[in-house]
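Worksheet for the structure shown next.
Remember, it's 1-based here, ligands and their atoms both numbered in the order they're listed. In what follows, every heavy atom counts, from backbone to side chain, and hydrogens, waters and symmetry copies are set aside.
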Amino acid sequence: MAVFTEVSDKDARDLLRRLSLGSFKELRGIQGGIENTNYFLTTDQGEYVLTLFERLSFEQLPFYLYLMKHLAQAGIPVPDPQGETRSGDILLKVCGKPAAIVNRLAGKSQLTPQPVHCAAVGDMLARMHLAGQNYERNQPNLRGLPWWNETVPVVLPHLDEQKAGLLRAELAYQNHIAASAAYAALPRGPIHADLFRDNVMFEGDKLTGFFDFYFAGVDTWLFDLAVCLNDWCIDHATGAHDAARAKAMLAAYQAVRPLSAAERELLNAQLRAGALRFWISRLWDFYLPREAALLQPHDPTHFERVLSQRIAHPLTLD
Ligand SMILES: Nc1ncnc2c1ncn2[C@@H]1O[C@H](COP(=O)(O)OP(=O)(O)O)[C@@H](O)[C@H]1O
Ligand SMILES: N[C@@H](CCOP(=O)(O)O)C(=O)O
């Protein structure tokens, strides 16, 4: 369920009067997604997505919305936030909540990706990283190491000794890595940080867009690539690495932006970090009652499996 706040046709008509996106035709709730309220909004000028933010604040949102606008202007296929006619503001208020209207991307998610899809994601991810280099706003990845350090003690009491041991050991390892010289040398910039299969659109084999930027933040580019490898290039049932898909993604990424020596050295550590990040957030969504009331939690054990696979079978680069 992804309509947490009901928006009426009248609310939408009132909103459209403040924008120059044409006149109202239809408003339809979207059933996918777990974080925000989403509607498809059709006017006589085109199709849009209206999002009401259920978790992010008015203060946090400009970073994400202006990042999308910056990337769209640089030619990266991402939703482009539409502004109010008078003020030019792209952060809107609907039913008392922060909101945005973006253009609707063509295509659909590719949930059983082949190497060709992984290559398309790798290529566009590298282009997106380069395009984000001169983005001026700064907001850290709010689901980065400080959040892991805060959240692990909260979820640990819910775990059996074997899982708790793995979680503690991995967090200690990641703190150790984060203090290293190689980590300090990693190139950084705005990253998507949640570019899973359900956040990319395809028409056939052609990538038509990246969306759902609301976990974005400034972090290492390598972490973003690791998050993608951990979702697009594994066998979902076991969490095991898929060599053909990973090779396709890495080659396409590196054809646009070759990895530095520090990035090559830390690829496996960041694959583990990417698995840890989503294991922690899924545990947190699962065990924290306040969050669980809003979210439909994903299965935490999936990322426990991915992490165990990453530790047992490090990836070797050519
Ligand atoms: N710009 C967009 N263009 C086309 N479809 C979109 C767009 N934004 C969201 N959607 C649709 O809405 C669904 C939920 O959006 P998502 O951003 O994943 O929600 P949540 O933030 O709640 O996870 C997506 O799976 C997709 O089908
Ligand atoms: N991709 C994350 C959860 C975030 O959900 P999204 O629908 O906003 O992408 C996970 O799989 O845990």
Side-chain angles (χ1 to χ4, degrees), residues 1-5 21 27-42 46-56 60-61 64-65 67-69 71-72 76-82 90 97-111 121 141-143 147-148 151 155 191-203 207-217 223-224 226-232 234 236 239 274-288 291-292 294-307:
M1 126 85 160
V3 175
F4 302 105
T5 305
L21 299 177
L27 184 69
R28 190 156 46 88
I30 304 179
Q31 292 308 310
I34 60 164
E35 290 279 322
N36 299 309
T37 290
N38 287 298
Y39 284 88
F40 288 127
L41 174 62
T42 310
E47 295 198 43
Y48 302 92
V49 174
L50 166 64
T51 301
L52 272 62
F53 300 98
E54 303 289 351
R55 192 175 51 83
L56 292 166
Q60 291 167 324
L61 277 159
Y64 308 101
L65 298 179
L67 174 60
M68 288 155 73
K69 190 155 259 319
L71 295 174
I76 306 298
V78 304
D80 187 7
Q82 309 292 314
I90 55 179
K97 303 253 165 94
I101 290 191
V102 302
N103 57 305
R104 180 175 177 176
L105 298 168
K108 58 183 194 319
S109 301
Q110 173 49 263
L111 299 178
V121 171
N141 171 5
L142 300 176
R143 291 280 181 273
W147 186 80
W148 311 345
T151 309
V155 297
I191 66 165
H192 184 288
D194 184 30
L195 199 55
F196 283 47
R197 299 175 192 194
D198 60 354
N199 286 333
V200 179
M201 293 296 196
F202 277 94
E203 279 184 322
L207 191 157
T208 50
F210 288 170
F211 65 102
D212 200 2
F213 276 75
Y214 306 116
F215 282 118
F223 180 77
D224 220 10
V227 168
C228 290
L229 286 162
N230 277 346
D231 185 63
W232 290 85
I234 61 161
H236 249 240
L276 177 69
R277 177 265 184 253
F278 287 98
W279 188 24
I280 297 171
S281 63
R282 287 183 174 201
L283 287 169
W284 189 63
D285 287 345
F286 197 84
Y287 290 113
L288 249 77
E291 289 297 310
L294 190 64
L295 304 178
Q296 291 178 354
H298 292 297
D299 173 20
T301 60
H302 171 71
F303 273 107
E304 180 191 351
R305 277 192 296 278
V306 176
L307 176 60

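Note on ligand 1: T37 sits outside its first shell, no heavy atom being nearer than 4.0 Å. Within the structure, ligand 1 has M201 among the residues with a heavy atom less than 4.0 angstrom away. Taking a 4.0 Å cut-off on heavy atoms, T51 fails to register as neighbouring ligand 1. In this structure, Y214 has no heavy atom closer than 4.0 Å to ligand 1.
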Could you go step by step and tell me if D299 and R282 meet the salt bridge (Lys or Arg N to Asp or Glu O under 4.0 Å) rule? CA-CA 7 Å; D299 173 20; R282 287 183 174 201; 5.9 Å; no
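Atom CG of L56 is separated from atom CG of L65 by 9.5 Å, given to the nearest 0.5 angstrom. Distance check, rounded to the nearest 0.5 Å: CG of D212 to CG of D198 gives 7.5 Å.
Applying the 4.0 Å criterion to heavy atoms of N199 picks out, from ligand 2, the atoms 9 (O). Those atoms of ligand 1 with a heavy atom of P79 less than 4.0 angstrom away are 1 (N). Every atom of ligand 1 is numbered from 1 in the order shown, and the set under 4.0 Å from a heavy atom of R104 is 3 (N), 4 (C). Applying the 4.0 Å criterion to heavy atoms of F278 picks out, from ligand 2, the atoms 2 (C), 10 (C), 12 (O). Residue F196 has at least one heavy-atom neighbour below 4.0 Å for each of these atoms of ligand 2: 1 (N), 10 (C), 11 (O). The ligand atoms of ligand 1 that sit less than 4.0 angstrom from a heavy atom of F40 are 5 (N). Every atom of ligand 1 is numbered from 1 in the order shown, and the set under 4.0 Å from a heavy atom of V102 is 1 (N). Applying the 4.0 Å criterion to heavy atoms of N199 picks out, from ligand 1, the atoms 18 (O). Distances below 4.0 Å separate heavy atoms of N103 from the following atoms of ligand 1: 1 (N).
The heavy atom nearest to atom 25 (O) of ligand 1, considering only F196, F213, Y48, F211, is found in F211.
V227 approaches G274 most closely through the heavy-atom pair CG2-CA, 4.4 Å. A pairwise comparison of heavy atoms in R55 and Y214 identifies NH2-O, 3.9 Å as the closest pair. Shown here for T208 and F202, the closest heavy-atom pair between the two residues is OG1-N, 3.6 Å.
Between the side chain of N103 and the backbone N or O of D80 there is at least one donor-acceptor pair closer than 3.5 Å.
Inspection of the T51 and N36 side chains reveals no N or O donor paired with an N or O acceptor under 3.5 Å.
Aromatic pair H192/F215: ring centres not closer than 6.0 Å.
Listed by chain and number, the residues in a salt bridge (charged side-chain N to carboxylate O under 4.0 Å, His left out) with D231 are R197 (sequence neighbours excluded). Here E47 pairs with T42, R104 under the side-chain contact (heavy atoms from CB on, under 4.5 Å) rule; sequence neighbours left out.
For V49, every heavy-atom contact with ligand 1 shorter than 4.0 Å involves the side chain, none the backbone. At a 4.0 Å heavy-atom cut-off, ligand 1 touches N38 through the side chain alone.
Polar contact check, R282 against ligand 2: a nitrogen or oxygen pair lies under 3.5 Å apart. The shortest N/O to N/O separation between D198 and ligand 1 does not fall below 3.5 Å.
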